[in-house]
Amino acid sequence: MSRDLDALLADLTIEEKASLTTGASMWTTHAVDRLGIPSITVTDGPAGARGPFIPGIGSQVSTLCIPCGSALGATFDVDLLYELGDALGQQTRTKGARVLLAPTVNLHRSPLFGRHFECYSEDPLLSGLLAASFIRGVQSHQVATTVKHFVGNDAEFERMTIDSVIDQRTLREMYLLPFEIAVREGGSLGIMTSYNRLNGTYCSEDQSLLTDILRKEWGFEGFVVTDWFAGTTTAGAAKAGLDLEMPAPARAYGRFLAEAVRSGAVDEADLDRAARTLLSVFDRLGALDDDPVTPQAVDILQHREVARRAARASFVLLKNDSVEGSPLLPMNVQTLRSVAVIGPNAGRARIMGGGSAEVQPHHRTAIIDVLRESLGDTITVSYEAGCHIDKTTPTIDPDVVRTTAGDPGFTVTVYDGPANADLSADEHLLTTLNRADGRIVVVARNDPGVPTAGFHFSAEGLVTVRQSGEYVISLVELSPCQLFIDDVLVIDGQTTLPPRGQAFFGLGSEEISATVSLIAEQPHRFVLTCDGTAKQWAHGAEIGMQLVDTGDSIQRAADLAARSDVALVIVGTTDDWESEGHDRDSLSLPGRQNELIEAVRAANERTIILINAGSPVAMPWADDVAAIMQIWFGGQEMGIAVSDVLLGTHDPGGRLPTSIPFRLEDTPAFGNFPGEHGQIRYGEGLLMGYRWYDSRDIPVRFPFGHGLSYTTFDIGTPELDHYELTTSEDHQATGSIRISVPVTNTGRRHGSQIVQVYVSPRDPQVHRPHQELKAVAKVELAPNDTETAVLTLTSRAFAYWDPGDHYRGVLRPQITGHTTTNHEHRHGFWRVDPGLYDICIGTSSREIHHTATVAIHPALANDIGSET
Ligand code: BGC
């Protein structure tokens, strides 16, 4: 039931209004019980609705995990993004939340950006269109999105303080554009400011950003929230237009805002605006009538299905050459007898990147397991890791551990009293919990039945390894623990406490380890005992496990490849290499993966490479291998989707949302990334991504928009409903252009194609990139079918941002006489210049099939009005 907000606001005291503007906890806002205003729960994020939990710690409830942002960018599919948003909106409600902290629409400015995996593309239009559709899907469930991080957060280096130095045109045409589309077309009810400064001002205090651009120009009706712990000054933020500071405890808002209003440092009108905006969004969602909901793990078949479709639609077949007369993919299961599945990412499902986007998925399946299942009856499927790529000993994976009852994970039994009490004493039993993987952390008070202190627990799991051998087993402790394997004490971190390290936000110990022999396919009983006597927020340890590298692992992989019909090598990164909080420092695949690929390729020319990473990686071996497919971090259904595409039941639908360069030195931000002396200069300006490579004619390994299908297409001659437009008095193009492009499936399989329209000004009056993507359409076709893709170009497709007279200096009296422009443009505006524009119809930025030309004529003299 809709509330009378005027009356509600009038009833609230200054302190109550101010309490609404800050978090009550990590994931909730304050309630005002007196007036029936409930606390609202928010949840991360772009990969799934995690619920009110810190990633990787305590009893998270599992959730749907969809492919990462760059994978979604590769789908180029707005309808699919709506469906994914729809699923995540529903999942958000099952977690008792009304706000989903997503999507992330910062741009792929550098392939080294730590959160590259989380963002959609290097192209702002593609990012914006996908985000808007995702937002409409989420918000159809009465859940607000917070499109993030507003703006210029395209690197993780010094992320809480760095100053992103971006000129006005670049800001408008590139970095603000996805937000503009998310707000104007997606109707996002929230926006999250970034940690960084923009041209000297913290984004959460930037009035021109939060009020002038966002609210006045774009008509934003939602709330502005800080990124977590990014609150800065009280008066600056209140005046700028910030509504909510998260999380608790408050630093700038809450009681500080109340005090500032009482002292006159902040106008009460600014407090009222923030409180009213929040209440109006919550009211619009129906959330003011909410009762508390306990987070649920809801595993819905249609959600799994859409995640699987999305993964398939994101896989980009980069290369698929013929060996002995036929392409390597799809694999011909009729003729195959043996497949070697090789690589560090073959045996561990790398389905998401690291940081706040992490979720606990309903399930995850390693590619080797899926292929054994789908091929194992008729074909020999063998496995070798080849090399390791983990930064530290990796946590025991959920895939390899089962409780004694056969469920995934460890059973944690919590007892009252100190660790030396009798562990089996039933009268001391407090509660039983489950932990999905080797991160066995019990959070005091948060886990049901666990007291603040004065307890101990044991965690038991049966671990089954894929390969016999010597394993490093490790512990990183939060509290004193001992680890037993098959009843033998293997690591004692209780008698002697290890020194403090960096894990668990600096509260964990350094890693301690031992080496043990484990036998393949035989369950080994792991028992961790832990003392929870001390009063601290969490207790437990992370158990790591890794096969000792005997030095001949690459040779073993090559030998396996040599005796197999096909070698499938799954290489890539992990959520440690690609994570929020730090950038990568190299494009190279970590560890000895390049060496592994070369050895396997030398042993078998039928080698297929799958790249399981959220960002571009260097591929020095690309010319030597016949088939390469980028599978990104594909979400919980990645394994099964890989099998669908490898075996050819489905076409790989993805196209590159980001150029793959040859070398880091070729990339646009090189020399200006990650920044220095507190600044990151966007020195390449508009020439970012393919705009850079195409304008400068720099070769790339694989261009933006590229991706192969298992079938072939003919892109027919486009027809435009207009070939001429005119500019209006306010420098807009009058009318729009509809482009019809007939696409025919000329091959023998069902498949999809992405039609890409680039606009290239012939003789621009200002500096412009060689060409820019202005419309996309996806078509799916059965063999011999033709469908006409219809794409529309409006005035904005031809426009650039004119920063206004202010920037030209014409407002200075002494040079006013020199200006030739009219004086109405004190502020910036979108401007279309008359001239010829090539309309390029492509299937990548480097594969243009047809070019049509549009003439934009100047406004007629008597239409120009004040123009002289
Ligand atoms: C991230 C945000 C996230 C927030 C809450 C921050 O560290 O930058 O994207 O939504 O944490 O987890």
Side-chain angles (χ1 to χ4, degrees), residues 74-77 79-80 305 308-339 370-371 374-375 377-379 565-568 604-610 625-631 634 637 640-656 702-703 705-718 740-756 776-790 841-844 846-850:
T75 68
F76 279 67
D77 188 341
D79 296 336
L80 179 62
E305 199 273 325
R308 179 168 170 178
R309 246 186 312 127
R312 290 195 300 248
S314 78
F315 296 162
V316 186
L317 184 58
L318 295 170
K319 185 174 176 186
N320 193 17
D321 287 354
S322 292
V323 176
E324 291 162 10
S326 53
L328 278 196
L329 286 172
M331 298 193 327
N332 185 347
V333 284
Q334 314 305 331
T335 57
L336 284 182
R337 277 161 301 122
S338 54
V339 178
V370 178
L371 291 179
S374 50
L375 297 175
D377 288 347
T378 45
I379 296 172
D565 291 342
V566 165
L568 185 65
N604 189 334
E605 64 173 341
R606 304 178 76 85
T607 291
I608 301 162
I609 309 293
L610 301 188
V625 296
I628 310 172
M629 186 158 73
Q630 178 92 23
I631 60 168
E637 305 298 327
I640 188 85
V642 163
S643 163
D644 292 342
V645 171
L646 289 181
L647 305 188
T649 56
H650 292 84
D651 200 36
R655 303 294 183 266
L656 284 179
F702 295 107
H706 169 75
L708 305 172
S709 160
Y710 289 156
T711 187
T712 49
F713 297 95
D714 177 65
I715 309 291
T717 309
S740 306
V741 186
V743 183
T744 306
N745 181 344
T746 51
R748 273 180 286 159
R749 287 172 168 273
H750 185 278
S752 61
Q753 182 59 293
I754 310 286
V755 179
Q756 304 160 32
V776 291
K778 177 169 181 167
V779 283
E780 295 210 39
L781 293 170
N784 300 320
D785 275 4
T786 299
E787 196 181 303
T788 300
V790 179
I841 313 295
T843 46
S844 85
R846 296 271 163 110
E847 196 164 348
I848 302 298
H849 299 260
H850 301 280

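Just so we're clear, the structure is a prediction, and the values are computed from it rather than from any experiment.
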Calculate, to the nearest 0.5 Å, the distance between atoms [atom1] and [atom2] belonging to [X] and [Y] respectively.
X	Y	atom1	atom2	answer
K319	L708	NZ	CG	10.5 Å
R655	F76	CZ	CZ	9.0 Å
H706	T843	NE2	OG1	9.5 Å
Q756	I841	CD	CD1	10.5 Å

Is the backbone of [Y] close enough, under 3.5 Å, to the side chain of [X] for a donor and an acceptor to pair up by distance?
X	Y	value
D651	S752	yes
D565	S338	yes
S709	T711	yes

*Determine whether I631 and V642 make a side-chain contact, defined as any pair of heavy atoms from C-beta on separated by less than 4.5 Å.*
yes
*Would you mind reporting whether L568 and L371 have side-chain heavy atoms less than 4.5 Å apart?*
yes
*Can you name the residues that form a side-chain hydrogen bond (donor to acceptor under 3.5 Å, both in side chains) with E637, not counting sequence neighbours?*
H363
*asked:* By the definition side chain to side chain contact (heavy atoms under 4.5 Å, CB included), identify the one residue from V566, D321, L317 that meets it with L329.
replied: L317
*Begin from the C-alpha positions of H650 and R309 and carry the test side chain to side chain contact (heavy atoms under 4.5 Å, CB included) through to its verdict.*
CA-CA 9 Å; H650 292 84; R309 246 186 312 127; over 6 Å; no
_Testing T649, D644, T75 one by one against R312 for a side chain to side chain donor-acceptor pair (under 3.5 Å), which residue passes?_
D644
